[in-house]
Amino acid sequence: MQRHLNFWVRFCLGLLSVWMLALVAGCNNNPYPKGAEAENTLFTAFSERSPRYLDPTSSYSSNETPFTYQIYEPLYGYHYLKRPYTLVPKTAESVVQPQYLDRNGKPLPPDAPAEQIAESIYTIKIKPGILFAPHPAFAKDAQGHYLYHHLTRDQVGDKRSPWQFAQTGTRELTADDYVYAIKRHATTRTAAPVFGVFSEYIEGLAEYGKLIRAEDKKLRAGLPASAIDKPFLDFRKWPLPGAQALDKYTLRIRIKGKYPQWKYWMAMSFLAPVPWEADAFYSQPGMAGNGLSLNTWPVGTGPYMMWESIQDRRHVLKRNPNYRGVPYPCEGTDKDKADGLLADCGKKTPFVDTIVFNMEKEAVPQDTKFRQGYLDVPEFDQMSYGNAYKIQMEDSDKVNKEFTEKGIVLARTVDLSISYMGFNWLDPVVGKGDTPEQQVRNRKLRQALSIAIDWDEFNRIFPKAAGEVAQGPLPAGVFGSRHGTREGLNPVTHRWVNGVAVRRPIDDAKRLLAEAGYPDGRDAKTGKPLVLNYDYGRPATPEAKATLDWTTKQFAKLGIQLEIRATDYNQFQDKVRRGKHQIFSWGWLADYPDAENFLFLLYGPNAKSEHDGENAANYSNPEYDKLYSQLRFMDDGPAKQAVIDKMVHILQEDAPWSFGYFPYASGAYQHWVHNGKPSIMVRDQAQYYRLDVKDRERSLKQWNRPNYWPIALLVVLVVAMGWGAARLLRLREQQTAVADNGRGGL
């Protein structure tokens with residue numbers, strides 16, 4: 001019996017040891033390898049799928065900008081701190097003014113009337129000595145031949161990263177790389193969302209597009225339509241009149257007529273240089289099937305390069321060893337100076353060596369990691385966290401105390417963006433309509449819905465995505481906007497009461513709905529309920545459910561049934577591109593600080609489904625389009641204001657959008673992250689961030705101290721279990737002895 005007792009004691013002690021080891025090991029909640037917090041690495045997250053397009057010709061979504069604007073360098077950029085936004089040269093030596101020419105090619109003065117200007121000539125000098133990041137596409141042998149430009153499928157093998165090739169190389173950036181990039185917008189090989197816009201302005205690009213389609217067809221002759229391996233389409237073979245390299249460092253771009261907004265396009269990734277070597281490298285057999293393309297592995301001259309890419313899991317940017325470094329800005333606002341944003345004046349950027357993006361599917365664990373200090377910035381492309389945390393601090397003393405003690409930096413401003421709900425103009429129910437009568441009915445339906453969708457309520461319920469309710473498409477800060485004034489009121493959806501805009505009552509919406517032929521949400525002719533489809537560009541996760549429920553209730557106010565069609569963002573983009581959507585939500589982050597960049601979102605020739613442009617509603621109105629054609633040539637002034645007012649009034653009446661709200665741009669930064677300033681215009685922010693890793697190490701230890709009381713509790717519990725087991729065994733031993741004695745007496 002003693003052996004049984006010893007066994008139970010040893011068992012309990014062993015169990016106690018195992019539990020203690022498990023608990024001690026589990027006390028470390030750090031999601032990263034040991035010592036990662038001491039490295040010059042910035043940790044952040046992304047919450048949707050991996051970016052689809054990192055090719056600068058195709059990339060246009062905000063979730064792609066954390067990568068494209070750190071890797072590529074357009075000719076221009078925006079000053080990181082100055083407001084209003086100011087263009088500054090990046091690879092260009094200076095921000096140039098165009099030379100205007102008349103129809104005979106003779107020079108015109110800078111103040112020449114737009115109708116006299118036949119062509120605008122931009123002559124840009126490129127800074128010498130700029131190098132591309134290391135890449136196998138540039139690797140050469142001793143004789144100067146490219147090592148990896150004639151690979152077979154077997155030689156590519158199972159390689160899925162450029163870093164699996166033994167050799168890399170580089171070369172100097174030249175004007176030809178920008179010429180090549182402009183030409184690539186005529187490609188049929190990938191999405192080119194601004195080809196429609198560019199072909200209107202760049203001399204010869206529309207005709208060049210036809211030429212390229214014909215040449216590409218020749219190259220692909222005999223290949224099945226489904227073939228993913230396609231012969232190299234070498235744009236160097238065919239000249240383009242509108243883009244020329246006058247010499248190694250001089251780029252000339254010829255623009256039709258006068259287009260004042262062109263200077264802003266030169267600050268976007270669409271005008272980032274593309275080396276032909278990268279295009280040729282990725283065109284080889286086996287590359288596409290292995291995910292080797294510019295969409296996954298970009299090649300640029302910027303401060304960072306893609307180092308690791310695991311689809312929907314993890315992306316890592318590393319410092320580009322060939323980057324020349326640029327000085328941190330020395331000018332900013334008074335607030336910038338007070339906030340310490342000028343402390344690094346003149347120091348060479350980038351400051352951070354590595355940026356790690358990890359997938360966070362759920363909002364709660366992502367929030368927890370940030371509050372524990374394991375995310376330095378919650379997300380690069382989501383300028384909403386600062387506002388959400390500010391509201392949490394206002395609502396909770398506990399949260400306020402936590403964030404204050406941890407020194408988390410929250411910043412908020414109203415920036416140049418809009419979130420809206422759109423109606424597909426091609427749809428027979430909510431779109432334009434085929435007949436004059438149907439057009440009137442559909443317009444009244446859209447107006448009724450625009451009243452019913454209460455964006456003021458949305459901002460109260462969803463503070464993380466909050467902003468200022470929009471009366472039209474133009475946020476404050478853009479010339480021509482009348483946001484917040486009586487003149488800017490949308491009379492369809494609001495009334496002006498005591499100096500503020502007040503949403504019209506739901507009865508007004510019900511009246512319009514009845515006039516549209518759907519009294520109480522039913523078709524007046526058939527009596528059937530009106531069922532509308534809402535295409536939502538994210539999976540219907542628990543976090544999304546609240547938003548979807550709110551949206552459904554807005555339509556239910558009118559007795560309308562709303563069917564939710566939720567997909568991931570990539571599938572949603574495909575559906576919109578094919579025109580298969582009905583009602584949808586989307587947003588726009590300004591490409592440049594001009595009214596034209598918002599109003600072009602509803603320009604007919606820029607329709608998404610027909611021209612692959614950014615008019616996702618496929619809206620078309622001849623009067624609006626005519627006014628837009630005037631606007632794009634106009635400089636700021638009274639005449640431009642008058643045209644903008646007419647265009648906004650047309651949109652308010654037609655209601656192709658329920659205008660939604662202008663989101664706050666707000667950032668959240670750990671106190672060891674320096675130089676954070678939220679903006680939706682400045683997208684190359686990574687190079688300006690600086691980490692105090694010693695401060696991070698200290699804070700993480702302090703914020704994540706292990707709690708050992710559960711171990712003590714389990715020690716007591718296991719000892720009690722052991723004592724109980726021993727006592728039970730003794731009792732049984734005594735009972736057995738008594739029984740044995742009883743049998744012996746018989």
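These numbers were taken from a predicted model, which means no experiment stands behind them.
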When you check the gap from the basic side-chain N to the acidic O, do [X] and [Y] get nearer than 4.0 Å?
| X | Y | answer |
| --- | --- | --- |
| Lys82 | Glu331 | yes |
| Asp334 | Lys337 | no |
| Asp176 | Lys248 | no |
| Asp353 | Lys318 | no |
| Arg632 | Glu200 | yes |
| Glu119 | Arg103 | no |
| Lys335 | Asp339 | yes |
| Lys677 | Asp336 | yes |
| Arg236 | Asp279 | no |

From CA spacing to verdict: side-chain contact (heavy atoms from CB on, under 4.5 Å), Ser58, Glu64: CA-CA 10 Å; Ser58 306; Glu64 296 157 359; over 6 Å; no
Residue pair Tyr85, Tyr80: steps toward the ring pair (Phe, Tyr, Trp, His ring centres under 6.0 Å) verdict: CA-CA 8 Å; Tyr85 291 105; Tyr80 184 55; over 10 Å; no
Which pair of non-hydrogen atoms, one from [X] and one from [Y], has the smallest distance, and what is that distance?
| X | Y | value |
| --- | --- | --- |
| Ala267 | Tyr78 | CB-CE1, 4.1 Å |
| Ser61 | Tyr569 | OG-OH, 3.4 Å |
| Leu81 | Gly332 | CB-CA, 3.9 Å |
| Tyr323 | Thr301 | CD1-O, 3.3 Å |
| Glu308 | Met306 | O-SD, 3.4 Å |
| His79 | Val682 | O-CG2, 3.9 Å |

May I ask you to check whether [X] and [Y] show a side-chain donor-acceptor distance below 3.5 Å?
| X | Y | result |
| --- | --- | --- |
| Asn675 | Tyr669 | no |
| Trp265 | Tyr259 | yes |
| Asp177 | Trp276 | no |
| Glu596 | Tyr628 | yes |
| Arg213 | Thr188 | no |
| Glu379 | Tyr385 | yes |
| Thr250 | Lys125 | yes |
| Thr68 | Ser269 | no |

Criterion side chain to side chain donor-acceptor pair (under 3.5 Å) on Glu172 and Tyr249, from CA distance to verdict: CA-CA 10 Å; Glu172 189 180 14; Tyr249 303 117; 2.8 Å; yes
Ring centers of Phe67, Tyr304 separated by less than 6.0 Å: no
Look at the rings of [X] and [Y] and say which category their plane angle falls in: under 30° parallel, 30 to 60° tilted, over 60° perpendicular.
| X | Y | answer |
| --- | --- | --- |
| Tyr592 | Tyr264 | parallel |
| Phe662 | His483 | perpendicular |
| Phe270 | Phe198 | perpendicular |

Are [X] and [Y] side-chain neighbours, meaning at least one heavy-atom pair lies under 4.5 Å?
| X | Y | result |
| --- | --- | --- |
| Met383 | Asp415 | no |
| Phe235 | Ile212 | yes |
| Val643 | Met634 | yes |
| Val194 | Tyr60 | yes |

Over 12 foreign heavy atoms within 6.0 Å of CD, Gln311: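 Result for CD/Gln311: enclosed.
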CD (Gln167) with more than 12 external heavy atoms under 6.0 Å: no
Calculate, to the nearest 0.5 Å, the distance between atoms [atom1] and [atom2] belonging to [X] and [Y] respectively.
| X | Y | atom1 | atom2 | answer |
| --- | --- | --- | --- | --- |
| Glu215 | Tyr208 | CD | OH | 9.5 Å |
| Phe600 | Asp591 | CZ | CG | 5.5 Å |
| Phe132 | Glu73 | CZ | CD | 9.5 Å |
| Tyr603 | Glu614 | OH | CD | 15.0 Å |
| Lys90 | Tyr69 | NZ | OH | 10.0 Å |
| Ser199 | His185 | OG | NE2 | 11.0 Å |

Lys140 to Tyr146 six-membered ring, cation-pi geometry met (6.0 Å, 45°):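 That pair qualifies as a cation-pi contact.
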Cation-pi, Tyr664 ring and Arg412 (6.0 angstrom, 45 degrees):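 Relative to the ring axis of Tyr664, which defines the angle, Arg412 lies inside both limits.
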Audit row: Lys230, Asp216, salt bridge (charged side-chain N to carboxylate O under 4.0 Å, His left out) steps and yes/no: CA-CA 9 Å; Lys230 304 174 182 67; Asp216 190 26; over 6 Å; no
Identified side-chain contact (heavy atoms from CB on, under 4.5 Å) partner of Phe281 from the options Phe165, Trp297, Phe232: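 The single option meeting the side-chain contact (heavy atoms from CB on, under 4.5 Å) with Phe281 is Phe165.
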Step-by-step ring pair (Phe, Tyr, Trp, His ring centres under 6.0 Å) determination, His135 to Tyr282: CA-CA 12 Å; His135 195 276; Tyr282 287 131; 5.6 Å; yes
Check against ring pair (Phe, Tyr, Trp, His ring centres under 6.0 Å), Phe351 and His674: CA-CA 10 Å; Phe351 300 124; His674 298 274; 9.9 Å; no
Verdict with reasoning, Asp381 to Leu589, per side-chain contact (heavy atoms from CB on, under 4.5 Å): CA-CA 10 Å; Asp381 65 309; Leu589 308 178; over 6 Å; no
Backbone of Asp55 reached by a side-chain donor or acceptor of Asn295 within 3.5 Å: yes
Chi angles and distances behind the side-chain contact (heavy atoms from CB on, under 4.5 Å) call for Leu54, Thr296: CA-CA 6 Å; Leu54 297 183; Thr296 306; 5.9 Å; no
Derivation and outcome, salt bridge (charged side-chain N to carboxylate O under 4.0 Å, His left out), residues Arg577 and Asp612: CA-CA 7 Å; Arg577 188 170 286 112; Asp612 204 21; 2.9 Å; yes
